[in-house]
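Each ligand, and each atom within it, is numbered from 1 in the order the structure gives. Because only heavy atoms are used, hydrogens play no part in the values below, and waters and symmetry mates are left out as well, while side chains stay in.
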Amino acid sequence: MKTTNNINGIPLHYARLTNHPYGTRGQQRNFSVDETFFATIEKAFKEVFEKCPLGTPEIITTAGIFVDKPGQHGHGRAFDLDAIFWNDESLVTLNFTHQKELYLGIESFLRKHFGLVLNHFYPNHEDHWHLDTNVPVDFNESSQSETFYVQMVLKYLYGEEILVDGLWGPQTKRMVKTVFEKLQIPTPITTKNNYLEFLDLTGKIAFELCKRKNTPLHLIDNLTEVLEGLPLQSRNSVLEALNSFIDHEETASWLNGFTGHSENDVNTIIASVIA
Ligand SMILES: [Zn+2]
């Protein structure tokens, strides 16, 4: 075990306290971590931030590495990633709904290094990624967490109409085949090299979408989606207010100016990434 308060020089913070609540930048702390596992963390984050269009962040918040409980945390071999803060941007894992491209880009590269990644859709993990190396990096159809990831990228990045339920079935299998063909990757996904290539290309495509989709129209879609997740009682009045704003003659004509950007189309991005 070693003690650290940073990853590759990026300060490691804790933000799960009354005066430093979840979602804030928190406070720098020392964390105990297994040395071999820490080497994987450093390698993984180096790749994530080299590929990420936002570059190297200022702060990473973690809910913990070594935690006195059974499982990999008890050996300092698991990492709970809460949020990442850049100069004027952040990714808080709880905010998946309106940061899907950035979230899935980061997760794609993390998966190249950690065999077990539990994400936003996995029970009890909506507010952090759990990362550990207790299982090898590969794809198993029986893995709920890996199937969640594949279904999420199929739906939110590749635009496939798919049910995200964590269960591998004929629909998921068929759509994986379609997308692998578009990406010119051989199937099956269970062959390690095919899976790694899929993770790498999907990460790049997610980050490219993240750059191009930062338009007012997309941000309004995100806002609508977040509102639709609110409890019924508060949802309708806020949605009505938003819709009257969107439907206003001047707003509508301003928003119309943002449509028709075919370069945002995922197929165009796929073509440029695999070229
Ligand atoms: Zn954990």
Name each donor-acceptor pair under 3.5 Å that joins a side chain in residues 178-188 to protein atoms two or more places apart or in another chain, with its distance.
| from | atom 1 | to | atom 2 | distance (Å) |
| --- | --- | --- | --- | --- |
| T178 | OG1 | R174 | O | 3.0 |
| E181 | OE2 | K177 | NZ | 3.2 |
| K182 | NZ | N267 | OD1 | 3.4 |

>> If the test is side chain to side chain donor-acceptor pair (under 3.5 Å), which one of T24, D127, T62 qualifies with R16?
In response: D127

At less than 2.8 Å, would any N/O/S atom of [X], backbone or side chain, sit next to the Zn ion (ligand 1)?
X: H125; answer: no
X: D132; answer: no
X: H130; answer: yes

> Tell me, do D80 and H73 make a side-chain contact under 4.5 Å, heavy atoms counted?
Replying inline: yes

>> What is the name of the N/O/S atom of D80 that is nearest to the Zn ion (ligand 1)?
In response: OD1

> Restricting to pairs with a member in residues 203-241, which pass ring pair (Phe, Tyr, Trp, His ring centres under 6.0 Å), not counting sequence neighbours?
Replying inline: F109-F207

